[in-house]
Amino acid sequence: MTTLVRGASPTLVRDALTVLQPGFTGTTPPDWLLRRIGEGLSSVGLFGRNIVSPDQLAALTARLRAERDDVLVAIDEEGGDVTRLEVRSGSSFPGNLALGTVDDTGLTRAVAAELGRRLAACGVDFNWAPSADVNSDPANPVIGVRSFGADPHLAARHTVAYVEGLQSVGVVACTKHFPGHGDTNVDSHLAMPRIDVDLATLHARELVPFRAAIAAGSKSVMSAHILLPALDPDRPATLSPQILTGLLRRELGYEGLIVTDGMEMQAIASTYGIERGSVLALAAGADAICVGGGLADEETVLRLRDALVDAVRTGELPEERLADAAARVRALASWTQAHRARGAETEPGAASEEGTAPGTDIGLVAARRALRVTGAGGPLTAPAHVAAFTPATNIAVGDETPWGVGPELARLLPGTTTGTYAADAAADRVLRDAGERRIVAVVRDVHRHPWMAGALDALLAVRPDTVVVEMGVNQAPARGALHIATHGAARVCGTAAAEVLAGA
């Protein structure tokens, strides 16, 4: 222990550790992490860097629980574009926009239950999902296909279905990003977004899915690092007593765990710093501090622990507020522990929904149903050239996860080639690479990228038989001899599109 905490009570130090959700590097738990779990750390966050295979992940979580059986193991596994379980291959499940496009809540519930079952089988019991954000700004650079859609009531019913599906198999759902990140054109990983709408709009739009999730019993809610002047003109939601305690706790009646979004995100770190930000978040009403996407070492844990202890000792953070937060973490850990002990089969309906047995292809079924195909062009009859126009990915998605239709189309139509083209690529390069092959132009949010739209215009002017596959938000007018909207870039979305292209 550092000098700072040496004179503090063991209960205070333990509570400060209990409210942290840190990450680590490597595929096995480091000794420092196991030691801190023994001292009271109650949660661990996992990222793509920690995962190689289901067996390795199960061994990792088993080692954590050998230290302490009720430790919460959290992950950011939305399915779709944001996957950690399948970070190197792409997800077996389509994301929220695809599910919202199908608009079958039974399907959404089944997908979430199967995803939860796979997490639980690996020992993961806390999922930082679903995104309940209403994607009302098509230019949103960070939500997009992670949202069920732009309709608040559609987003609400699918958020409920997702929460129910996950929690039916003993995995904590974390409804995010409260009070709503959909109407932003700034990525909070990089800067502070601001939503300038009135209270009536917030209640009629942003808050609708969160009210529904609370009524459905979502075990946790994640705060957003966004400024909403109508609620609090000075502090972002994560640090705002008016938003976390006043709105979420008192007005909406939420009793579950409130967890912050990653505290090292620049919206917080560059303005307040992670130590002061964590103190302010706890004081505002948060119960758990998520950190570890970028800062994943023991020093970070100790810095935050010491900052919380010091804040209690100076009176900035009431000791009873920290104790209350720690109690909520422990109560949630007890819920997951009890669920593991009795087995998911005791949950009514947990394993009875059609299409959700282990090994099911429910994700591919959902991806196929989400496709929207327009145009008169028929399927390809010969090998093609796939031109993948690749924008920079946001931090939530990451750039290590493959996407597109090339590999699957090459399997169905041997001889198919793929080229990747960024903002500096000209259409003549695509034409040169394609030769005589028909072109399949794969785009992602073409409406947000003028360079991509320009390249597509140039291609279609020369080769009007070009097929267009949109794997982002389908906002731009459909173009091409055939236009396929997948509503997401998960691996199964690419597979479903390739099947249509090849006439399979």
Side-chain angles (χ1 to χ4, degrees), residues 80-81 89-92 94 97-98 101-102 145 361 363-391 402-422 425-447 449 452-504:
D81 289 25
S89 62
S91 182
S92 299
L97 184 59
T101 298
V102 178
V145 296
D361 63 353
L364 181 56
V365 169
R368 288 168 176 155
R369 290 182 61 186
L371 293 183
R372 296 295 181 266
V373 182
T374 54
L380 304 173
T381 57
H385 179 69
V386 177
F389 292 100
T390 306
W403 65 282
V405 302
E408 184 65 13
L409 191 59
R411 186 184 70 79
L412 295 172
L413 291 174
T416 292
T417 56
T418 297
T420 300
Y421 307 92
D428 58 358
R429 184 181 145 208
V430 179
L431 293 166
R432 185 171 63 251
D433 292 348
E436 298 300 312
R437 294 182 179 88
R438 194 169 172 190
I439 296 170
V440 177
V442 182
V443 295
R444 199 167 175 176
D445 290 346
V446 69
H447 68 285
H449 302 289
M452 198 182 293
L456 200 54
D457 287 341
L459 269 184
L460 290 168
V462 179
R463 298 281 293 271
D465 64 340
T466 293
V467 175
V468 178
V469 180
E470 170 61 84
M471 302 194 78
V473 176
N474 188 34
Q475 187 73 18
R479 287 183 289 173
L482 193 67
H483 184 277
I484 302 174
T486 64
H487 304 100
R491 175 173 49 82
V492 286
C493 296
T495 298
E499 291 172 346
V500 170
L501 289 169

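Each residue takes its place number in the sequence, starting with 1.
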Inset, instruction - Apply the test side chain to side chain contact (heavy atoms under 4.5 Å, CB included) to residues T417 and D433: give CA-CA distance (whole Å), side-chain angles for both, the deciding distance (0.1 Å), then the verdict. - result: CA-CA 9 Å; T417 56; D433 292 348; over 6 Å; no

Inset, instruction - Start with the C-alpha gap between V469 and L501, add the side-chain angles, then the distance that decides, and say whether side chain to side chain contact (heavy atoms under 4.5 Å, CB included) holds. - result: CA-CA 10 Å; V469 180; L501 289 169; 4.2 Å; yes

For [X] versus [Y], what's the shortest heavy-atom pair and its separation?
{"X": "T374", "Y": "A478", "value": "OG1-CB, 3.5 Å"}
{"X": "G80", "Y": "A490", "value": "CA-CB, 3.7 Å"}
{"X": "A497", "Y": "I484", "value": "O-CD1, 4.1 Å"}
{"X": "R463", "Y": "G435", "value": "NH1-O, 3.4 Å"}
{"X": "A476", "Y": "V446", "value": "CB-CG1, 3.5 Å"}
{"X": "L456", "Y": "R479", "value": "CD2-NH2, 3.5 Å"}

Pairwise side-chain contact, [X] with [Y], heavy-atom cut-off 4.5 Å (strictly under):
{"X": "T466", "Y": "V440", "result": "no"}
{"X": "H487", "Y": "P94", "result": "no"}
{"X": "E499", "Y": "L364", "result": "yes"}

Quick one: [atom1] on [X] to [atom2] on [Y], what's the gap to the nearest 0.5 Å?
{"X": "I439", "Y": "D465", "atom1": "CD1", "atom2": "CG", "value": "7.5 Å"}
{"X": "L459", "Y": "F389", "atom1": "CG", "atom2": "CZ", "value": "5.0 Å"}
{"X": "S91", "Y": "D81", "atom1": "OG", "atom2": "CG", "value": "9.0 Å"}
{"X": "T416", "Y": "R411", "atom1": "OG1", "atom2": "CZ", "value": "12.0 Å"}
{"X": "H447", "Y": "E470", "atom1": "NE2", "atom2": "CD", "value": "7.5 Å"}
{"X": "H385", "Y": "R438", "atom1": "NE2", "atom2": "CZ", "value": "14.5 Å"}

Legend entry - side chain to side chain contact (heavy atoms under 4.5 Å, CB included) between M452 and D445, worked out: CA-CA 9 Å; M452 198 182 293; D445 290 346; over 6 Å; no

Legend entry - Option passing side-chain contact (heavy atoms from CB on, under 4.5 Å) with V145 (candidates N474, T101, V473):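 Exactly one pass, corresponding to V473.
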
Legend entry - Check: R444/T390 side-chain N/O donor and acceptor closer than 3.5 Å: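 No - no donor-acceptor pair under 3.5 Å links their side chains.
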
Inset, instruction - Assess whether side chain to side chain contact (heavy atoms under 4.5 Å, CB included) is satisfied between L380 and L409, documenting all intermediate values. - result: CA-CA 10 Å; L380 304 173; L409 191 59; 4.0 Å; yes

Inset, instruction - Please check if the side chain of E408 supplies one atom and the backbone of G494 the other of a donor-acceptor pair under 3.5 Å. - result: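 No; judged by distance alone, with no hydrogens or angles, the pair does not exist.
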
